[in-house]
Amino acid sequence: MQDPVLILGASGGIGGAIARRLARQGSGVILHGRRRDRLDALAGEIGPAAAVETADLTDEAEAAALFARLAAAHTALSGLVFSVATPFTKRLTHRTGWGEFDRQIATQLKALHLCAAGAFPLLAGQAATTRMVVVSSEYAIGMPPVKTASYAAAKAAITAYARVVAQEWLGRGIRVHIVAPGMVRTEFTADIPDAWLDDHVARLPEQRLTTAEDVAEMVAFLMTDAADCLYGSPLQVSRAERR
Ligand SMILES: NC(=O)c1ccc[n+]([C@@H]2O[C@H](COP(=O)([O-])OP(=O)(O)OC[C@H]3O[C@@H](n4cnc5c(N)ncnc54)[C@H](OP(=O)(O)O)[C@@H]3O)[C@@H](O)[C@H]2O)c1
């Protein structure tokens, strides 16, 4: 049987869609998040191909314990998906305290680094190619909107990080891919007022938002040999206008 894919942030809207999509194509999935009830419900939906793990990935000891448990239970992972985010305060940059930047950097760069380093022994040197997919944001590749500096900067940081690691891990048999989604309706965007969102949608080329399923389809593709040449190239997955 194929080694499982670890999905970090599977209790979220996009991570959950990725888990369902990968399970549908026959992958075993390890569902990670902090909310156990969410993960158990998703595992119940997916069936025996799903296992559940919880950890706060901004906590070094919790992340280390997560990868120690995984190493005890599995000889390898076939993939790792990083789909983690915490909401940010939408304020002008000069009115944003450092604590907000700290929280975003911890949830993105620190968490990704702890997980990439922790997962490396389970991904490297396997008989078949293994993969890491980092969910970034289109804010990191185009012009980010105002009042997003803490989040956009943290996403820019993980995008640069993943591009470096994509080269370092190539010779170890690990492909690193980056997806850069447009705005998706999930809990992460739940604080955006409906009136603003309706106006935003009306101005999109297709008058519809990107969906979690759009992102999941691209992640499923990136998990195949057919996508190998895209390593390290941020892939915009978005129904927004191109800038
Ligand atoms: N939604 C969008 O418009 C959009 C657009 C572009 C990119 N993205 C990116 O897509 C990814 C998924 O976002 P989403 O919309 O699915 O958000 P979401 O529904 O809010 O899910 C976020 C996930 O991150 C987990 N998480 C947050 N802080 C954590 C921590 N300290 N330790 C461990 N897990 C933590 C959450 O776990 P618990 O809930 O269990 O705590 C949840 O599983 C993120 O990287 C986000 O930046 C989203």
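For ligands, and for the atoms within them, numbers begin at 1 and follow the listed sequence.
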- Mind checking whether Ala85 has an N or O less than 3.5 Å away from an N or O of ligand 1? yes

- Message: Looking only at protein heavy atoms, which one is nearest to atom 15 (O) of ligand 1, and what is the separation?
- Response: Thr186 OG1, 2.6 Å

- Close N or O approach (Gln108, ligand 1; < 3.5 Å): no

- Query: Backbone or side chain, does any N or O of Val84 fall under 3.5 Å from an N or O of ligand 1?
  - Reply: yes

- Task: For ligand 1, find out whether one of its N or O atoms is nearer than 3.5 Å to an N or O atom of Thr107.
- Result: no

- Item | Nearest protein heavy atom with distance in Å, relative to atom 19 (O) of ligand 1 | Gly13 N, 2.9 Å

- Note on the structure: Distance col, row Asp59:CG vs Leu66:CG, nearest 0.5 angstrom, shows 11.5 Å

- Task: Name the closest protein heavy atom to atom 31 (N) of ligand 1, giving the residue it belongs to and the distance to 0.1 Å.
- Result: Asp56 OD1, 2.9 Å

- Between Arg185 and Asp194, is there a side-chain N and carboxylate O pair less than 4.0 Å apart? yes

- Would you check whether Glu138 has a nitrogen or oxygen atom less than 3.5 angstrom from a nitrogen or oxygen atom of ligand 1? no

- Answer yes or no: is there an ion pair linking Arg38 with Glu187, defined by an N-O contact shorter than 4.0 Å? yes

- Message: Taking the basic N atoms (NZ, or NE/NH1/NH2) and the acidic carboxylate oxygens, is any pair closer than 4.0 Å for Glu217 and Arg21?
- Response: yes

- the protein heavy atom lying closest to atom 47 (O) of ligand 1 turns out to be Tyr151 OH, 2.5 Å

- Item | Nearest non-hydrogen protein atom, atom 5 (C) of ligand 1 | Gly182 O, 3.2 Å

- Under 3.5 Å, N or O to N or O, is Thr86 touching ligand 1 that way? no

- Would you check the N or O atoms of Arg35, main chain and side chain alike, for any that come under 3.5 Å of an N or O of ligand 1? yes

- Query: Based purely on interatomic distance, does Arg34 place a nitrogen or oxygen under 3.5 Å from a nitrogen or oxygen of ligand 1?
  - Reply: yes

- Note on the structure: Residue, atom and distance of the protein heavy atom nearest atom 33 (C) of ligand 1 read Ala55 O, 3.3 Å

- Can you find an N or O of Ile14 that's nearer than 3.5 Å to an N or O of ligand 1? yes

- Message: For Phe67, I'd like to know if atom CZ has over 12 heavy atoms of other residues, nucleotides or ligands within 6.0 Å.
- Response: yes

- Message: I'd like to know whether CD of Glu168 has more than 12 heavy-atom contacts from other residues, nucleotides or ligands below 6.0 angstrom.
- Response: yes

- Query: Thinking salt bridges, do Arg131 and Asp228 make one under a 4.0 Å N-O criterion?
  - Reply: yes

- Task: Drop me the distance from Met132's CE to Leu6's CG, to the nearest 0.5 angstrom.
- Result: 11.5 Å

- Just checking, is any N or O donor in the side chain of Ser150 or Thr96 under 3.5 Å from an acceptor N or O on the other one? no

- Task: From the options Ser11, Pro87, Gly12, select the one whose nearest heavy atom is closest to atom 21 (O) of ligand 1.
- Result: Gly12

- Message: Check this for me: His74, atom NE2, are more than 12 non-hydrogen atoms of other residues, nucleotides or ligands nearer than 6.0 Å?
- Response: yes

- Do me a favour and list the nearest non-hydrogen protein atom to atom 11 (C) of ligand 1 with residue, atom name and distance? Ser83 OG, 3.4 Å

- Met183 to ligand 1: N or O pair under 3.5 Å? no

- Other residues, nucleotides, ligands: >12 heavy atoms within 6.0 Å of Arg239 CZ: yes

